[in-house]
Asks: 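The structure follows.
All heavy atoms count here, side chains included; hydrogens, waters and symmetry mates do not. Here is the naming used below: chain letters follow the sequence lines, and residue numbers restart at 1 for every chain.
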Number of protein chains: 2
Amino acid sequence: MHKKITINDIATLAGVAKSTVSRYLNGGSVSQHTRQKIDRIVEEHNYAPNTFAQSLKQQVNHTIGVIVPRLDSIAQSDMLRGLDELNKNDTFLIVNIYQNSQRELAAIKKLQSQNVSGLIVLTANLTDDIREALKESQLPIVIQGQDEPDFHRVILNDMQAGQAVGQYLKTLTPKNVLLLKVDATLDRAVGHDRFVGIDDAVLGIPHKEVVTDFKLDVAKSDALIAMEKEKFDLIIGASDRIVVGAMQSAFSLHQQPRFIGFGKSYFSETVTPNLTSFEFDFFETGKQLYRLFLTIRDHPQTEIQRIVMDGKLVVRDSTDLM
Amino acid sequence: MHKKITINDIATLAGVAKSTVSRYLNGGSVSQHTRQKIDRIVEEHNYAPNTFAQSLKQQVNHTIGVIVPRLDSIAQSDMLRGLDELNKNDTFLIVNIYQNSQRELAAIKKLQSQNVSGLIVLTANLTDDIREALKESQLPIVIQGQDEPDFHRVILNDMQAGQAVGQYLKTLTPKNVLLLKVDATLDRAVGHDRFVGIDDAVLGIPHKEVVTDFKLDVAKSDALIAMEKEKFDLIIGASDRIVVGAMQSAFSLHQQPRFIGFGKSYFSETVTPNLTSFEFDFFETGKQLYRLFLTIRDHPQTEIQRIVMDGKLVVRDSTDLM
DNA sequence: TTGTAAGCGTTATCAC
DNA sequence: GTGATAACGCTTACAA
């Protein structure tokens, strides 16, 4: 209702100097008497400090830019939840760049011009431009995704993931395995690292490899083509979404192979049968990111940190039912 | 690398007054000569204005607080995408309140103290506290969700949704219908409005009503109990998630009823069979929200606006296949 | 075209 | 315990 009240207004209303009000607000020593007067006024007018003036004066602010590649993913929203979980005094300025590196570059620039006090980048793949822009920045920065040697980072142990799935695969004694991969040059962690252990495990087992795409439709039709030619009793996809595509193709072909996915998605427990999947704890990953960020913000000289998050295989009906 | 440079530094480096630099930056008249000098310096030092000082001076800023009830929902992320789509100069400060009204109240307070220039609230249900806090605020505010008469708002036409599903339902000539509702006192739009047309349509058709919960597990077990007692050939749920729960129960009972959901979710096209669902265009809803916000921000005296978004029934395999 | 100076709301220093 | 006063970086009359 009332116009925004300032420290100055309070001072005149209380008949004191603004510096006294400031002291009052910041817990300095104030006499009983003035304290009460100011108390009343602050209460009544619902005073809130002007954060711009504060930031300007104090030369610090508690806004952290968070760049996310997308929002419609459980991985991203869980990581954000992890950030929120540990947050006390910071404000996260979340920018969705819609998996577009142009937008990402623009976001970095814009966030810097907004004087954020640091950057948490959840995007996996840094282009040269972006890597450059981040390096030039004097801000504390933490990234999540690929294993970039020049940055403080929290990464997922995709190697371990592949090993675990490889081990498990053997216990299923499949007759013919279909591997749905993605282009390793676009996403090394997923396209390459995740499959090292699996490639090992399928040696000696009949199998076929198809390079497909993260999109559901593409994966679905690529899988369909492969499954029409020969029959598989185990299908492993580079991501849950890819596997769901394959499931739909299987359904339409009246086939019932077993399935293994990766990631942790909205799907694993809603598709039928529920999907066996190697899952990472993105919530915990978010917390680690924030901890790491605080560390390097408060100790700028810290040497480059690299935190690796392990995951675990969650066995559900898609490999268990039949 | 370099410490942050200010307008003052540029001025001394260029040997001019800082007001000249300011004029240069804001497109005022500057001579060829000085322009070039300043150009060089700005370029070289990668000058970016201090937004705090700017906002402090200009008494305006372009940060809009956006309160979302959750992030792991296609509805929310599509609305946010709608906001981004139309955005030119604003910065959205997104706060996830995790469907917790305590957090929501805190978020409103915090955003105000951060001097945002307005609020876009995507939460459906306002508690008295929150309604109060929003009313007291002198900021431009737009809400999405329930039909709150005192606020500028964009709402979904849940009445129309129910009518459309009711119409369609009749064409399916079901023998026995299961309606999975939610508590109307908690969410009137979903619990009540969505079912008006459906309740009409099932008059004269055998049917059963169960009040369940938005959570997948709860819906699943509530559906299971009902489905064990009698057999249904059509199941309608208040949300897609609820229907997915029912689908899983049907699967485990080896039943194959038809299904209709509401909302637009990550599930509709990943479950098998794909789900027939009444869908709203949340992307468009987000755009409308932003348009409405700009209108009321720029014309504070505008009378209360109410925008209604229609949706449409998308028929997929879950009612079509058998 | 350019410079001087005041002021945005806050904090901090330093006399009183 | 209190109150001038300067300063943070920027914009904006107004004067030169």
Asks: Counting side-chain heavy atoms from C-beta on, which of D/dT12, D/dC10, C/dG9 comes nearest to B/A53?
Replies: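 When the side chain of B/A53 is considered, D/dC10 is the closest of D/dT12, D/dC10, C/dG9.
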Asks: Report the nucleotide, chosen from D/dC10, D/dT11, C/dG3, that has the shortest atom-to-atom distance to any side-chain atom of B/Y47.
Replies: D/dC10
Asks: Is a side-chain donor-acceptor pair under 3.5 Å present for B/T63 with B/Q114?
Replies: no
Asks: Under a 3.5 Å threshold, yes or no: a donor from one side chain and an acceptor from the other, between A/D84 and A/Y290?
Replies: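 Per modelled atom types, A/D84 and A/Y290 side chains form no pair under 3.5 Å.
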Asks: Please determine, for the side chain of A/Q58, which listed nucleotide (C/dT11, C/dT10, D/dT11) has the closest atom?
Replies: C/dT11
Asks: Please pick, from C/dT2, D/dG3, D/dT2, the nucleotide with the shortest atom-to-atom distance to any side-chain atom of A/T34.
Replies: D/dT2
Asks: Whole Å only: how far is the CG atom of B/N8 from the P atom of D/dC8?
Replies: 8 Å
Asks: Mind calculating the distance between CD1 (B/I7) and P (D/dT12) to the nearest angstrom?
Replies: 11 Å
Asks: Would you indicate which nucleotide in C/dT2, D/dC8, D/dC10 comes nearest to any side-chain atom of B/S31?
Replies: C/dT2
Asks: Find the distance B/K18:NZ to C/dT4:C1' and express it as a whole number of Å.
Replies: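 After rounding, the gap between these two atoms is 10 Å.
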Asks: I'd like to know if the side chain of B/T285 pairs up with that of B/Q144 as donor and acceptor (distance under 3.5 Å, no hydrogens or angles considered).
Replies: no
Asks: Check this one for me: any side-chain N or O of A/N26 less than 4.0 Å away from OP1 or OP2 of C/dT11?
Replies: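 Result: yes.
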Asks: Can you tell me which nucleotide in D/dG9, C/dT10, D/dG3 comes closest to the side chain of A/Q59?
Replies: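 Per side-chain heavy atoms of A/Q59, the pick is D/dG9.
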Asks: Compare the minimum distances between each of C/dT10, D/dC10, C/dC8 and the side chain of B/N50, then state the nucleotide with the smallest one.
Replies: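 For B/N50, the side-chain atoms sit closest to D/dC10.
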Asks: Taking the minimum atom-to-atom distance to the side chain of B/V30, which one of D/dA4, C/dT2, D/dG1 wins?
Replies: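 Side chain of B/V30 sits closest to C/dT2.
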Asks: If you check the B/S19 side chain, which of D/dT12, D/dG3, C/dT10 turns out closest?
Replies: D/dT12
Asks: If you look at every strand shown and take non-hydrogen atoms under 4.0 Å, does B/S22 touch a base, only sugar-phosphate, or nothing?
Replies: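 Base, at least one base atom sits under 4.0 Å.
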Asks: What's the OH-C1' distance between A/Y24 and C/dT11, to the nearest Å?
Replies: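 From A/Y24 OH to C/dT11 C1': 17 Å.
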Asks: Nearest whole angstrom, please: distance from the P of D/dC14 to the CZ of B/R23.
Replies: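 Rounding to the nearest Å, CZ of B/R23 and P of D/dC14 are 15 Å apart.
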Asks: Is any side-chain N or O of B/K57 under 3.5 Å from a base N or O of D/dG9, one able to act as donor and the other as acceptor?
Replies: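 Donor-acceptor pair under 3.5 Å: no.
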Asks: Could you state the CD-C1' distance from B/Q114 to C/dG9, rounded to the nearest angstrom?
Replies: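 Those two atoms, CD and C1', are 17 Å apart.
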Asks: Report yes or no: do B/Q112 and B/S137 form a side-chain donor-acceptor pair below 3.5 Å?
Replies: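 Yes, because at least one side-chain N or O of B/Q112 sits under 3.5 Å from a partner of the opposite role on B/S137.
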Asks: Tell me whether A/T12 contacts the main-chain N or O of A/D9 through its side chain, where contact means a donor paired with an acceptor under 3.5 Å.
Replies: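 Checked: pair present.
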Asks: In whole angstrom, give the distance that lies between atom CG of B/L56 and atom P of C/dT10.
Replies: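 Checked: the CG to P distance equals 9 Å.
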Asks: Test A/L289 against every option in A/L80, A/V66, A/V142 by the side-chain contact (heavy atoms from CB on, under 4.5 Å) rule and name the one that passes.
Replies: A/V142
Asks: Rounding to an integer number of Å, can you tell me how far A/Q54 CD sits from D/dG9 P?
Replies: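 Computing the A/Q54:CD to D/dG9:P distance gives 16 Å.
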Asks: Go through C/dA5, D/dT2, D/dC8 for me and flag the one nearest to the A/T20 side chain.
Replies: D/dT2
